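Notes follow once the structure below has been shown.
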Amino acid sequence: DGGITQSPKYLFRKEGQNVTLSCEQNLNHDAMYWYRQDPGQGLRLIYYSQIVNDFQKGDIAEGYSVSREKKESFPLTVTSAQKNPTAFYLCASSFGGASYNEQFFGPGTRLTVL
Amino acid sequence: GQQVMQIPQYQHVQEGEDFTTYCNSSTTLSNIQWYKQRPGGHPVFLIQLVKSGEVKKQKRLTFQFGEAKKNSSLHITATQTTDVGTYFCAGPTGNTGKLIFGQGTTLQVKP
């Protein structure tokens, strides 16, 4: 079954702790993306990667970090520097980095920082 | 910077009524994509429009891309409770596969 998996679905952390969100895809897609969604708002791009071992900052990268060591995996770390980390995090992938490629989304991780 | 705006933000309709959401970009777009997110779910790709003035239909859904390629609309005829969710438009920014999403229009349908 091809698709994108994110784990865990719900995550609780104490303030000041770093936390890593997992994103794995078996679609053989080159490009992967991380978005943040807050209630009543659209999706805001955190980081994206067009190819293994390369990634670029999106619109709201401060307080986040990523790695892309394997084509299938694009983990996101929410650091203690992120001032308001409670949100719904969505990972997506697409065939390539061209503008006409649709994006496939994972089920998301809902992070709550207490 | 580039912006994509959607109106309305929320729409409540009675089942069977029609629904339209509008998407406006501050810049000309090479294409526009539409996604649907069910409550508690994740966005799912619906369609992509590429040509100026293009109209595409999917059953009760009609998608339109403006002549100037700066606006788009999604019209649902005779809404059903299965249409409930948030509809997002998204346009490319640059040529890197990055998309900029509108804020979405959340549709609620009363049975």
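Numbers restart at 1 for each chain; the letters A, B, ... are given by sequence-line order, proteins then strands. Basis for what follows: all heavy atoms, side chains included, without hydrogens, waters or symmetry-related copies. Only a predicted model underlies this, so the values are computations on that prediction, with no experimental measurement involved.
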Discussion item. Does B/Gln14, at its CD atom, have more than 12 non-hydrogen atoms belonging to other residues, nucleotides or ligands within less than 6.0 Å?
Written reply: yes

Worksheet item: How about A/Gln37 and B/Gln37: do any of their side-chain heavy atoms sit closer than 4.5 Å?
Response: yes

Worksheet item: Which atom pair, heavy atoms only, marks the closest approach of A/Gln103 to B/Tyr35?
Response: N-OH, 3.0 Å

Item to complete: Give a yes or no on this: more than 12 heavy atoms of other residues, nucleotides or ligands lie within 6.0 Å of atom CZ of B/Phe45.
Response: yes

Worksheet item: If two hydrophobic side chains count as joined below 4.5 Å and joins carry through other members, does A/Trp34 share a cluster with A/Ile60?
Response: yes

Worksheet item: Who wins among B/Gly102, B/Gly104, B/Pro43, B/Gly91 for the most heavy-atom pairs under 4.5 Å with chain A?
Response: B/Pro43

Worksheet item: Is it true that A/Phe104 and A/Phe74 fall in one hydrophobic cluster, defined by side-chain heavy atoms closer than 4.5 Å?
Response: no

Worksheet entry | B/Gln80, CD atom: more than 12 neighbouring heavy atoms under 6.0 Å | yes

Fill in: Residue-level interface, residues 80-93 of chain A with chain B, non-hydrogen cut-off under 4.5 Å
A/Phe88, A/Leu90

Worksheet entry | In one Ile/Leu/Val/Met/Phe/Trp/Tyr side-chain cluster, 4.5 Å: B/Ile32, B/Leu46 | yes

Worksheet item: Are B/Val4 and B/Trp34 connected in a single hydrophobic cluster, I mean Ile/Leu/Val/Met/Phe/Trp/Tyr linked by side-chain heavy atoms less than 4.5 Å apart?
Response: no

Worksheet item: In Å and rounded to the nearest 0.5 Å, what is the CG to OH distance from B/Leu99 to A/Tyr35?
Response: 5.0 Å

Worksheet item: Say you draw a straight line from CD of B/Gln33 to CD of A/Glu102; how long is it, rounded to the nearest 0.5 Å?
Response: 7.0 Å

Under 3.5 Å, sequence neighbours excluded: what are the donor-acceptor pairs made by side chains of residues 38-47 of chain A?
unit_1	atom_1	unit_2	atom_2	d
A/Asp38	OD1	A/Arg36	NE	3.4
A/Asp38	OD1	A/Arg36	NH2	3.1
A/Asp38	OD2	A/Arg36	NE	2.9
A/Asp38	OD2	A/Arg44	NH2	2.8

